[in-house]
Amino acid sequence: MNDMKPVGANEAAPVLPSLAISVRGLTKRYGTVPALDGIDLDVPRGMIFGILGPNGAGKTTLIRLLATLARPDGGTASVMGHDLVSSPQAVRGLIALTGQFASLDEDLTGRENLIMLARLWGFSANAAKERADELLAAFELSDASRKQVKSYSGGMRRRLDIAASLIVTPGVLFLDEPTTGLDPKARQGVWKMIRSLAQSGVTILLTTQYLEEADQLAARIAVIDRGRKIAEGTSRELKSAIGSGFLHVALGDHARLGEAEAILEQALGAPVQRSAEGAQLSVVAGSTRAANEALGLLISAGIELSDFSMGSPSLDEVFFALTGQPMDEEAGGETS
Amino acid sequence: MSSVETGPALLSHAARPPRPSALANALTFGWRAVLKFKHVPEQLFDLIMTPLMFTLLFTFVFGGALAGSTSDYLQFFLPGILVQTVVFNSVYSGMGLSTDLSKGLFDRFRSLPIWSLSPFAGLMVGDVLRHTIAGLIILSVGLALGYRPEAGIVGVLFSFFLLIVIGFGVGWIFIVLGLLIRTPMTVMTIGFTFIFPLVFASNIMVRPETMPEWLEAIVVRNPVTHMATALRGLMSGTATAGDVVLALTAPVLLTIALSPLVLWLYRRN
């Protein structure tokens, strides 16, 4: 491995300079279990690209490969024009990674964590302190800068973690489930931060299992399941590919959910999805006319509806339509 | 959040400094190890609690019975307890490594364009600090209780150098465990399962001649026995080159055998 090669000599990407990330047929096995099973991906520069999938789909594995933390078993991939396998050190010079868990030294203060990383990047002692203070101010951590990270809240850790990825401006920033475990307010804060980074030209590849997050942030979304990409497009494209006529039905009497499910499935010829709480059924209706007929069947069967509506599918429903199963029912721990 | 406004400005100001040398990277990790001492001073307590208790207990409770007088026993025991201190305390770099790995901190380090082994250099700086500090405290207690190193300051300096080499060698065992095991406490438990019998079945506490023959045969071949013998010799000025070579054998062999394994474990996914 030519780990020690200097970066910068070949900054301009030799092929497809408009792509920040280019992935072809990437595979990775852990033992005999394929964590990634032939993924193709093209991420243009400056874009927020979302990788959406349930736990264990291979999201973290993909990030680990692209961040040079693990070597692929097959396929090729380049980041900012540099091949992952043949020039990992060049890739490392152009990326930053914010992993799923705050990767900080809990015993050190927030400021010391940033100074340490700045020193590792090559800043002089004084420049490292300056850079740390700038970032702490920008991420509203100045007040806590001299406290040990172990005393930080989840949101503060996440902010410090992202700040730690911005010591030098990365070409590509990998964010692995950036808001997992955060409260709604902290999540909003991180979202704003991600958007502002993208506005300034940083390419961001983020994984999430929150549909709303992908919908809110990502210009393009790849849906992955069991190590394979099962769909890709803008949020709108993904939704329209499923069909816009989505019928949502809420029942007054939960005992008759199964019955209603059977009626809808037969009437519309499409699989019916139950919402996470189980109170609502969603199904592709195709047209308003078909939806009306299905509703008529429910009513004539004496099933009381507390609510019904037609609309675009949510990404939950997109996932269901693509995989035949709801996102949150897929069991299994996240592969690393 | 103000970062929305300042974020882009912040990025554009960030100049990319030249790549630092491997040495500079290693020193940064060493600095981190020093900071740990500043922020977690209570780890000192862990470092010296056991050897301190042993020193007091063995000297005053068993010393008279074992060596005729407490002062004679202390003279025999103190160099040995220094070896025990260093061997036991080499567990900490493995535990620290395990913590860093489980917290994902090493993932960040590994995604940086730095010399890939520099984090280990940081562990070693931490080790040297730990061994020196713990050794000095135990030695000071010994001096206060009446221990006298006949070879004087030079003997003490050589002794500490040997101690650091021993700690470095034994440390590889725990670094391997730290790379394999993601719970720091398990690293400690498994490590001590091997280390405890080695330390107790040695000549640190008692002369092997007093033991049953079969045990004596084991004890005189125990690398920890060689370490304690060499350290006693260095402190009293009677050590032969052979003593020191024997004491260094195990640390050198451990380094040769385990450092490539550590590299492989670290670079594997």
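Convention: sequence-line order gives letters A, B, ...; per-chain numbering from 1.
- The choice from Arg195(A), Met116(A), Arg119(A) that makes the most heavy-atom pairs within less than 4.5 Å of chain B is Met116(A).
- Contact annotation for Ala164(A): both backbone and side-chain heavy atoms come within less than 4.5 Å of a heavy atom of chain B.
- Using a 4.5 Å cut-off between heavy atoms, Glu112(A) touches chain B through backbone and side chain atoms alike.
- Side-chain contact between Val91(A) and Met80(A) is absent, with no heavy-atom pair separated by less than 4.5 Å.
- Using a 4.5 Å heavy-atom cutoff, the side chains of Val252(B) and Val165(B) are not in contact.
- For a residue to count as touching a neighbouring chain, one of its non-hydrogen atoms must lie under 4.5 Å from one of that chain's; by this rule Leu117(A) touches chain B with the side chain only.
- The pair Asp37(A)-Lys28(A) does not meet the salt-bridge criterion, since no charged nitrogen lies less than 4.0 angstrom from a carboxylate oxygen.
- Residues Phe139(A) and Met193(A) form a side-chain contact, since some pair of their non-hydrogen atoms from C-beta on lies under 4.5 Å apart.
- If you measure heavy-atom distances from Phe109(B) to chain A, the contacts under 4.5 Å come from the side chain alone.
- Contacts between Glu106(A) and chain B at a heavy-atom distance below 4.5 Å involve the side chain alone, from C-beta outward.
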Margin query: For Phe29(B) and Val125(B): C-alpha separation, side-chain torsions, deciding distance, then whether side chain to side chain contact (heavy atoms under 4.5 Å, CB included) applies.
Written below: CA-CA 8 Å; Phe29(B) 283 106; Val125(B) 172; over 6 Å; no

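- For Ser124(A), no part lies near chain B; criterion is any non-hydrogen pair under 4.5 Å.
- Phe88(B) pairs with exactly one of Phe174(B), Phe194(B), Phe196(B), Phe54(B) by the ring pair (Phe, Tyr, Trp, His ring centres under 6.0 Å) rule, that one being Phe196(B).
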